[in-house]
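Excluded from the calculations below are hydrogen atoms, water molecules and symmetry mates; all remaining heavy atoms, backbone and side chain alike, are included. Just so it is clear, the structure is predicted and the values come from calculations on it, not from any experiment.
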Amino acid sequence: MTITRRGIVGVAAAAGVASALPGPWIRRASAAETIKIGSPSNLTGSQSSIDQPQVNGTKLKLKEINDAGGVLGRQLELVVYDCKSDPTVTATVASQLINQDKVVAGLGLNDSDYVLAAGPIFQKAGVAFVTPGATSPKLPEQIGDTTFLACFGDNVQAAADAEFVLSKLKAKNIYLLRDNGSEYTVLLAKYFEAALVNGGGKIVLRDDYKSGDRSFTAQITKLKAMSPKPEVLFISAQPDDVGLVVKQMRQAGVTQPIVGGDGYDTPLLVQVGGKGANNVYFSTHAYMAEDSTAPVKKFFGGYKKAYGTVPENAFAALGYDGMGLIADAITRAGSADPAKIRDALAASNGYPGVTGSISFRPGIRVPDKTVTIIGVKSGKLSLAGEIKPSWVATP
Amino acid sequence: MSPGLYIAQQIINGVSLGSLYALVAIGLSLVFGILRMTNFAHGDMMMVGAFAALTIGAAGVPFEWSLLGGIAIGALTGVIVERVAYRPVRGAADVTLLLTSLAVTYILENLGILLFTSSPHDFPIPEWLDSSYEFSDGQITFTQVNVLTVVLTGISLSLLGWFVTRTDMGLGMRAAAEDMQAANLVGLDVNKLIVIAFALASGFAGLAGVLWAAQAGVVEPSMGFTPLLKAFVAAIIGGFGSIAGALLGGYLLGALEVFIVAFLPSELSPYRDALVFSLLIAFLLFRPNGLLRTSREVKL
């Protein structure tokens, strides 16, 4: 092949274009012997208040494992890319992780809409994908046998919420407000209603808003015009909206207790909600405080030492547990082959996580975990209950 | 709650929402009126104003001054963007201007992400602004922010009205909007008038941004997108290019959004946006130029 000037220019141009292509800005140099775990994460955007702590927790566990010698004599490497809270970008990132980085497992994304974007790509490649915090129990059936949840399903947390409302708050007439723009909030509301009705309660008024709305006054006025008034409000909301909804409710003089799901587990609830966040209860995966269980206390201390701040919410602990679960599966599989890792994950039994024990019943890829209920009083969070619901709606 | 009070409260809700939409729509119409250009970056001027107010306020400045700061910096950003991005392509095809404004949108948003990260930031408001009013035993409520929004909308509109009817510059702006070539011919400094129009429009956007942030309690770099969309709808309903039209359109849109939730059965609430836009389409079938604009003849 003759080397022509045009040829050189062409090669140089191609190299220039290739190096100028926008690449992820978090990328570790890969060493020869590391086991790569892919981590698509919404480090920026509306999901960041949940994903960022989760990634921190994951990295903390990764460091602990690597410092203790790694897995199967090899170091673990986390390949993190920012999905910008955009499902389209998430799908692109998933493809990149599979095709270019050739990861042997995936861990990340805490909202069902994003897992639905990345999951099928991992499924097609036969690579296991563990979501630390996306709670739709339909995900494993919707996507395939490589999708695992490290957290309880929405049907479980909604059932726990319903039990809490009926027995602890002693309320039967409930107002249901939901965000009709995302899978998580719609499913949560559906499962809550099923469990509530099963327990003898009743939805006296239901209403919708769309994520991104900044004014809920129309719905709130409708609620206030109700007579007789509902005893408790169940508001199924995303982390970006909870603070505002709660604040506007209280500003309009609505004083009833407000109950929600793990979307409320964000610092934004108290930051944006302010005084309005009082008398609010929500279900989540663990109670992140210094006076919690022993494993949480240890995690708490480790997180504070590594990041200089207390864990922002339970998703930090879920990220920690997700990483531990995958490492445990790789050890049991005895190899870094994606198919073997998937099988070992499916056989997980009693993995001791900070957020509870993780086991998968045969063929089921959603673990049975206890639900933690947290209450807000005077701007502070406190443990309001730990519930393992007796009746759970089928997904 | 008696039907009368219920309707009164929902009207209050609609007026508060409508004021915000009107503020954003007016800026859009101002720019379109003069330059025949759809300024997609308008939503990001809101974002700039809000973040400016946030930063100034974080330095300890009282809210009133950070509000003015937000308006001023919004206006300044508009002027800079006009000079740097729009003036060089003035006179080019409409598509070029559109794409340029899209580019400005991306640049501003990503600048915001670089400087402030794309997570939502808490937007603190002072004590006096954080209160709410109650009437009729708590059945009618609205917040101080709502009051401030309506009051500031009124004041800024009166100032704008005075400006475009009583000052030479304002009259010049209207002349340029009607026929830029003729305005040039009679000796008006069209460049300066366009700069003033942009400053005004972006100042309005900055004000809207701060009020929107005060209402929402959070700011984030992508906050301008939804208001921009609503402002478009509002401006089109009222007649694109007409300031009075933008005002009318804003209030109509706010009222529509509230009333659909308030007076239709709850089962229809999920379809609120679909209903609003269906009405919009139906409306445009009969009056394509909006409420306050009639068809114009164009000499070929």
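- Near-neighbour residues of residues 125-135 of chain B relative to chain A, defined by a heavy atom under 4.5 Å from a heavy atom of that chain, comprise Ile125(B), Asp130(B), Ser132(B).
- A salt bridge does not link Glu257(B) with Arg214(A): none of the charged nitrogens is closer than 4.0 Å to a carboxylate oxygen.
- In this structure, the portion of Val218(B) lying under 4.5 Å from any heavy atom of chain A is its side chain and not its backbone.
- For the residue pair Ser215(A)/Asn13(B), the side-chain donor-acceptor check at 3.5 Å is not satisfied.
- Atom-to-atom distance recorded for Lys224(A):NZ and Ile140(B):CD1 is 8.0 Å, nearest 0.5 angstrom.
- Contact annotation for Glu220(B): only side-chain heavy atoms (C-beta onward) come within less than 4.5 Å of a heavy atom of chain A.
- Ranked by heavy-atom pairs shorter than 4.5 Å toward chain B, the options Leu205(A), Asn180(A), Asp240(A), Asp208(A) are led by Asp208(A).
- More than 12 heavy atoms of other residues, nucleotides or ligands sit less than 6.0 Å from atom OH of Tyr307(A).
- Ala216(B) touches chain A through backbone and side chain together, each having a heavy atom under 4.5 Å away.
- Chain B forms the most heavy-atom pairs under 4.5 Å with one residue out of Gly253(A), Ser46(A), Gly45(A), and that residue is Gly45(A).
- Surrounding OH of Tyr271(B) are at most 12 heavy atoms belonging to other residues, nucleotides or ligands under 6.0 Å away.
- Classification of Asp213(A) and Arg272(B) as a salt-bridged pair holds, one side-chain N sitting under 4.0 Å from a carboxylate O.
- For Thr143(B), the part sitting under 4.5 Å from any heavy atom of chain A is the side chain, from C-beta outward, and nothing else.
- At least one donor-acceptor pair closer than 3.5 Å links the side chain of Gln10(B) to the backbone N or O of Ala218(A).
- To the nearest 0.5 angstrom, Asp82(A) atom CG is 8.5 Å from Ile113(B) atom CD1.
- The minimum heavy-atom distance between Lys210(A) and Asp273(B), with the atom names listed, is NZ-OD2, 2.8 Å.
- With a 4.5 angstrom heavy-atom cutoff, Ser49(A) does not touch chain B via any of its atoms.
- For chain B, the nearby part of Gln248(A) is the side chain; its heavy atoms alone come within less than 4.5 Å.
- Interface residue Thr217(A): backbone and side-chain heavy atoms are both found under 4.5 Å from chain B.
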Checklist entry - Step by step, would you call Gln251(A) with Phe142(B) a side-chain contact (heavy atoms from CB on, under 4.5 Å)? => result CA-CA 8 Å; Gln251(A) 269 176 341; Phe142(B) 47 89; over 6 Å; no
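- Among all heavy-atom pairs drawn from Asp207(A) and Val261(B), the shortest one is OD2-CG1, 4.1 Å.
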